[in-house]
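Notes follow the structure.
Counting starts at 1 for both ligands and their atoms, following the listed order.
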Amino acid sequence: MKVLFAASEGYPFAKTGGLGDVIGSLPAELKKKGLDVRVIMPKYDQIPQEFKSKMKSVAEFSIRLNRVVRYCRIESMSYNGMVYYFIDNEYYFKQSSYYGYSDEVEKFIYFSKAILDSLREINYCPDIIHCHDWHTALIPFLIKRKYSDTFYGKIKTVLTIHNLKYQGILSKDFLNGLIELENGSSEIEFNGYANLLKGGISSADLVTTVSPTYAREIQNENLGEGLEPVLRANHQKIRGILNGIDYNLYNPETDKSLYSKYTNSYSEKIKNKIEFQNKFGLTEGADIPMIAVISRLTEQKGIDLIKEQIDNILCFDLQLVVLGVGERRYEEFFADSALRYPGKLCTFIKFDESLSRQIYGATDMVLMPSKFEPCGLTQMIAMRYGAVPIVRATGGLKDSVISFEKSEKGTGFNFNHYDGEEMKETILKAIKVYSQKDKWMLLFHNAIDTDLSWSRSVTEYIKEYEEIFNC
Ligand code: ADP
């Protein structure tokens with residue numbers, strides 16, 4: 001089975017969050033099981049030169065976006081034994097950040113169309129195109145509506161929703177100006193606008209989300225982001241498959257970013273904490289509980305709860321480490337708070353992969369009080385490094401963290417309501433367990449020994465691929 005992953009980011013070429021992690025690991029896991037998997041993504045200017053220098057041009061052509069013609073070059077390289085394609089167009093992909101420009105929706109419409117046109121140019125016809133989030137959600141719609149000739153006609157499509165909040169909404173006229181909508185293209189229309197994610201949900205052969213709980217949650221008004229009627233109408237083709245993490249990449253035994261590498265030895269892990277405390281001006285103390293927040297600083301991640309409770313948390317004998325970028329109001333809040341709590345609060349406003357691993361290695365706990373969480377990989381990476389997650393029980397957090405309060409097999413702490421008091425009380429419970437070393441050791445081993453690899457989920461994806469491939 002030939003599967004093409006189409007996505008806006010993928011580690012190690014480009015990553016801003018969990019989507020990058022998934023595209024950097026799931027294709028390789030599927031390939032290990034014998035599938036012919038390839039990946040296609042934008043050739044961003046920010047891709048490290050060591051990769052760019054290995055890319056070879058395989059096709060060059062023009063793309064007609066109805067009223068304009070845009071240049072497109074396909075470059076290719078092999079990485080870890082897998083073929084990667086990169087869509088090169090400096091007008092769209094030479095911007096100083098991956099997302100956030102005013103032409104973002106147009107950029108990914110171009111990207112989606114470029115992907116389909118490039119397949120004919122390079123004469124590669126996958127059995128399945130696996131699309132991810134709104135950025136490539138136009139592809140299933142285009143295949144159904146506009147690319148139904150013999151070359152494209154048999155291609156099946158899968159759309160994975162990593163985050164329903166972002167949908168790719170634009171006016172119908174604007175979309176029409178780019179891809180020329182036919183009459184009756186109602187699949188892509190929603191509330192008077194064109195909605196790329198809705199078009200993908202309606203047109204794809206299979207829709208997946210990144211955890212079973214999120215698959216259920218988004219069919220209700222609360223977390224459906226307005227699309228719950230569409231999701232309910234398509235419920236028979238929606239599956240929730242929990243993400244895994246890359247066990248080679250996230251491995252405290254081999255991680256070069258760590259001061260002291262470790263397997264599942266607590267005493268070795270602690271050396272990282274002491275080193276971190278000294279390096280970044282926190283009070284030294286092996287027994288001072290350290291809690292980390294490694295996160296996009298957005299409303300979704302529950303940053304408001306941390307803001308509300310920071311003084312009620314930091315009045316206890318503990319340390320907080322924050323690594324994140326995002327909304328300016330949150331960045332400023334953490335930067336200012338660090339000045340108020342020298343030796344206790346350490347803030348890094350940046351995206352730094354290596355630093356994130358140093359923090360996973362050093363910290364005792366990771367806090368994720370998310371308002372909603374499609375899957376969340378941070379809690380999984382944390383467990384892999386023996387850092388116990390404190391999470392709000394929503395989406396993938398609910399599916400991946402077992403409450404230690406409720407079971408001796410527990411791997412972390414969870415709270416139910418989106419409420420600052422409840423979060424604080426849960427942190428205090430965690431701190432209490434931390435002070436009872438025998439209990440903490442049990443919890444530490446439960447967390448670090450949890451299987452968070454892709455093995456189970458890869459089998460589920462293959463089963464689902466086979467089902468649509470054979471029908
Ligand atoms: P989301 O995709 O919603 O941002 P996830 O928990 O699924 O959240 O994935 C976040 C990923 O991004 C993890 O690999 C996490 O370690 C990483 N990450 C988040 N913020 C930063 C940062 N500031 N620097 C480095 N890595 C980060």
Side-chain angles (χ1 to χ4, degrees), residues 7-26 46 97-100 132-135 160-166 209-211 213-214 218 223 225 241-252 255 257-258 292-303 306 321-328 330-331 334-335 346-363 365-385 387 389-392 394-401 412 452 454 457:
S8 60
E9 60 179 86
Y11 187 83
F13 306 103
K15 167 180 159 179
T16 67
L19 173 62
D21 276 312
V22 171
I23 304 304
S25 53
L26 176 58
Q46 293 88 339
S97 60
Y98 303 126
Y99 308 116
H132 296 267
D133 274 350
W134 74 267
H135 315 97
T160 294
I161 302 170
H162 297 257
N163 196 330
L164 189 68
K165 195 174 177 62
Y166 308 100
T209 67
V210 286
S211 70
T213 296
Y214 192 60
I218 56 175
L223 291 180
E225 304 288 348
I241 304 179
L242 194 67
N243 283 337
I245 55 170
D246 183 336
Y247 259 42
N248 294 324
L249 183 65
Y250 297 115
N251 184 354
D255 194 330
S257 300
L258 296 185
V293 175
I294 302 170
S295 178
R296 283 186 292 119
L297 301 179
T298 61
E299 214 186 310
Q300 176 203 334
K301 299 293 181 178
I303 307 300
I306 305 176
V321 177
V322 178
L323 169 65
V325 279
E327 289 177 38
R328 181 177 287 182
Y330 296 134
E331 292 184 348
F334 283 119
C346 198
T347 296
F348 304 93
I349 303 297
K350 55 178 172 173
F351 192 94
D352 187 332
E353 186 76 28
S354 170
L355 180 58
S356 75
R357 291 141 183 281
Q358 287 176 48
I359 299 173
Y360 286 119
T363 193
M365 298 160 228
V366 160
L367 176 63
M368 290 179 79
S370 305
K371 211 170 211 177
F372 69 92
E373 195 59 75
C375 177
L377 295 179
T378 307
Q379 79 283 9
M380 297 192 192
I381 303 168
M383 285 189 251
R384 174 82 167 135
Y385 283 72
I390 303 171
V391 304
R392 172 150 180 264
T394 178
L397 296 174
K398 193 171 179 179
D399 294 339
S400 60
V401 179
L452 301 152
W454 276 105
S457 302

- Message: Between Gln379 and Ser400, is the side chain to side chain contact (heavy atoms under 4.5 Å, CB included) condition met? List the steps.
- Response: CA-CA 8 Å; Gln379 79 283 9; Ser400 60; 3.0 Å; yes
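- When heavy-atom distances to ligand 1 are checked against a 4.0 Å cut-off, Phe348 has no atom that comes that close, whether in backbone or side chain.
- Atoms of ligand 1 found under 4.0 Å from any heavy atom of Tyr360, numbered from 1 in the order shown, are 15 (C), 16 (O).
- Residue Leu377 places at least one N or O, backbone or side chain, under 3.5 Å from an N or O of ligand 1.
- Within ligand 1, counting atoms from 1 as listed, the ones closer than 4.0 Å to a heavy atom of Gly324 are 23 (N).
- By the 4.0 Å heavy-atom criterion, Gly376 is counted among the residues contacting ligand 1.
- Remark: ligand 1 and Gln300 share no N or O pair separated by less than 3.5 Å (distance only, no angle test).
- Each of the atoms 1 (P), 3 (O), 4 (O) of ligand 1 lies under 4.0 Å from some heavy atom of Arg296.
- Residue contact check: Lys350 has heavy atoms under 4.0 Å from atoms 22 (C), 23 (N), 24 (N) of ligand 1.
- Against a heavy-atom cut-off of under 4.0 Å, Tyr250 is close to the following atoms of ligand 1: 14 (O).
- Residue-level proximity to ligand 1 for Ile381 is carried by the side chain, the only part with a heavy atom below 4.0 angstrom.
- Taking any N or O of Gly17, backbone or side chain, none lies under 3.5 Å from an N or O belonging to ligand 1.
- Contacts between Gln379 and ligand 1, counted as non-hydrogen atom pairs separated by less than 4.0 Å, are absent for every part of the residue.
- In the model, Tyr385 has a side-chain atom that pairs as donor or acceptor with a side-chain atom of Asp255 under 3.5 Å.
- The closest approach between any non-hydrogen atom of Lys15 and ligand 1 is below 4.0 Å.
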